[in-house]
Novice: 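Dumping the structure here so I can ask a few things about it.
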Amino acid sequence: MTGTASRARGTGGAAQEQRPPLWVEEPARRRRLPDPVRTAAVRAVIIVSLTLIQAMIAFLCAVAGSWLSFPMVLSSVGSTVVATWAVLDVWVTRQVWNQRHGVVSVPSSTARQLRRERRKARRQARVAARAKERIRRRGGTGQLSHS
């Protein structure tokens with residue numbers, strides 16, 4: 001076997017060192033859902049998927065003219081109500097979790113800028129008040145120089 005053939009097959013030592021790793025760990029973009037919310041979401045997905053399967057079977061039974069179509073349609077209506085309840089349960093569970101455990105607030109850059117400006121103005125007002133108080137304690141007339 002020649003050197004070019006081994007390089008073409010990727011068996012050369014230098015070629016293997018140049019390859020990027022197969023798995024690169026990336027940080028999560030969003031936080032993981034809390035456990036109760038995730039449980040409610042999984043339950044809702046299962047219920048909604050079963051409801052869709054049941055509705056499809058009811059439709060196919062109706063097209064085929066089977067006697068089973070009427071009970072299937074009635075049960076599909078009932079499971080649609082249950083599926084709606086399950087989806088609402090996810091929303092309510094999420095709201096309750098946020099109320100009890102606090103929500104992570106990410107202020108917009110404009111809100112952050114306004115807070116910085118207010119903080120800076122308060123700091124300057126405190127510095128000015130301290131300077132006036134210092135002059136008053138020394139017995140000055142409010143002027144910085146005693147000439």
Side-chain angles (χ1 to χ4, degrees), residues 1-138 142 144:
M1 184 184 308
T2 64
T4 57
S6 71
R7 269 187 246 126
R9 289 186 185 169
T11 57
Q16 287 179 347
E17 292 173 12
Q18 298 293 335
R19 290 184 187 163
L22 291 175
W23 185 264
V24 177
E25 191 73 30
E26 293 181 8
R29 293 178 191 221
R30 292 194 318 177
R31 298 182 81 122
R32 186 173 152 170
L33 283 175
D35 286 339
V37 179
R38 194 168 349 109
T39 304
V42 168
R43 187 177 0 171
V45 165
I46 291 171
I47 291 173
V48 167
S49 62
L50 289 175
T51 301
L52 288 174
I53 291 170
Q54 189 177 10
M56 185 180 66
I57 291 173
F59 173 74
L60 292 175
C61 285
V63 168
S66 172
W67 64 271
L68 197 57
S69 64
F70 182 69
M72 287 296 289
V73 167
L74 286 180
S75 65
S76 292
V77 170
S79 24
T80 302
V81 172
V82 172
T84 305
W85 185 265
V87 172
L88 281 175
D89 181 47
V90 175
W91 182 69
V92 168
T93 307
R94 185 167 179 257
Q95 296 298 326
V96 168
W97 176 268
N98 285 341
Q99 271 188 345
R100 286 185 183 165
H101 299 90
V103 63
V104 177
S105 175
V106 182
S108 66
S109 59
T110 55
R112 195 175 298 128
Q113 182 64 30
L114 287 173
R115 269 203 327 259
R116 273 191 205 126
E117 289 172 3
R118 282 194 303 253
R119 231 181 284 137
K120 187 176 180 181
R122 281 193 304 248
R123 198 175 302 130
Q124 287 173 348
R126 278 195 307 261
V127 168
R130 277 192 218 125
K132 280 185 179 179
E133 184 63 33
R134 195 176 308 127
I135 292 170
R136 207 173 292 130
R137 273 187 279 152
R138 288 186 180 174
L144 290 177

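Note: hydrogens, waters and symmetry copies are ignored here, and every other heavy atom, side chains too, is used.
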Novice: Do Ser75 and Gln54 come close enough that some side-chain heavy atom pair is under 4.5 Å?
Specialist: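 Yes, side chains in contact.
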
Novice: Check Val37 against Arg94 and note the closest heavy-atom contact, atom names and distance.
Specialist: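 Nearest heavy atoms, Val37 then Arg94: CG2-CA, 3.7 Å.
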
Novice: Identify all side-chain donor-acceptor contacts of residues 62-74 below 3.5 Å with residues at least two apart in sequence or on another chain.
Specialist:
unit_1: Ser66; atom_1: OG; unit_2: Leu68; atom_2: N; d: 3.1
unit_1: Ser69; atom_1: OG; unit_2: Ser66; atom_2: O; d: 3.1

Novice: So which atom in Ile46 and which in Ser49 form the shortest heavy-atom distance, rounded to 0.1 Å?
Specialist: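 Minimum heavy-atom separation between Ile46 and Ser49: O-OG, 2.8 Å.
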
Novice: Could you go through the side chain to side chain contact (heavy atoms under 4.5 Å, CB included) check for Val82 and Thr51 one step at a time?
Specialist: CA-CA 9 Å; Val82 172; Thr51 301; over 6 Å; no

Novice: Out of curiosity, Trp85 CH2 to Ile47 CD1, how far, rounded to the nearest 0.5 Å?
Specialist: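 The distance works out to 12.0 Å.
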
Novice: Is it the case that over 12 heavy atoms from other parts of the model lie below 6.0 angstrom from the CD atom of Glu117?
Specialist: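 Correct, the count exceeds 12.
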
Novice: Rounded at 0.5 Å granularity, tell me how far CG in Leu52 sits from CD1 in Ile57.
Specialist: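 If I round to the nearest 0.5 Å, the distance is 11.5 Å.
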
Novice: Any chance you could measure Asn98, atom CG, to Thr93, atom OG1, to the nearest 0.5 Å?
Specialist: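 Between atom CG of Asn98 and atom OG1 of Thr93 there are 11.0 Å.
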
Novice: Would you name the heavy atoms of Val90 and Ala40 that are closest together and state the gap between them?
Specialist: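 The answer is CG2-O, 3.3 Å.
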
Novice: I need the Arg119 CZ to Gln124 CD distance, nearest 0.5 Å.
Specialist: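 If I round to the nearest 0.5 Å, the distance is 13.5 Å.
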
Novice: Report the distance from atom NZ of Lys132 to atom CZ of Arg134, rounding to the nearest 0.5 Å.
Specialist: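 Between Lys132 NZ and Arg134 CZ, I get 13.5 Å after rounding to 0.5 Å.
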
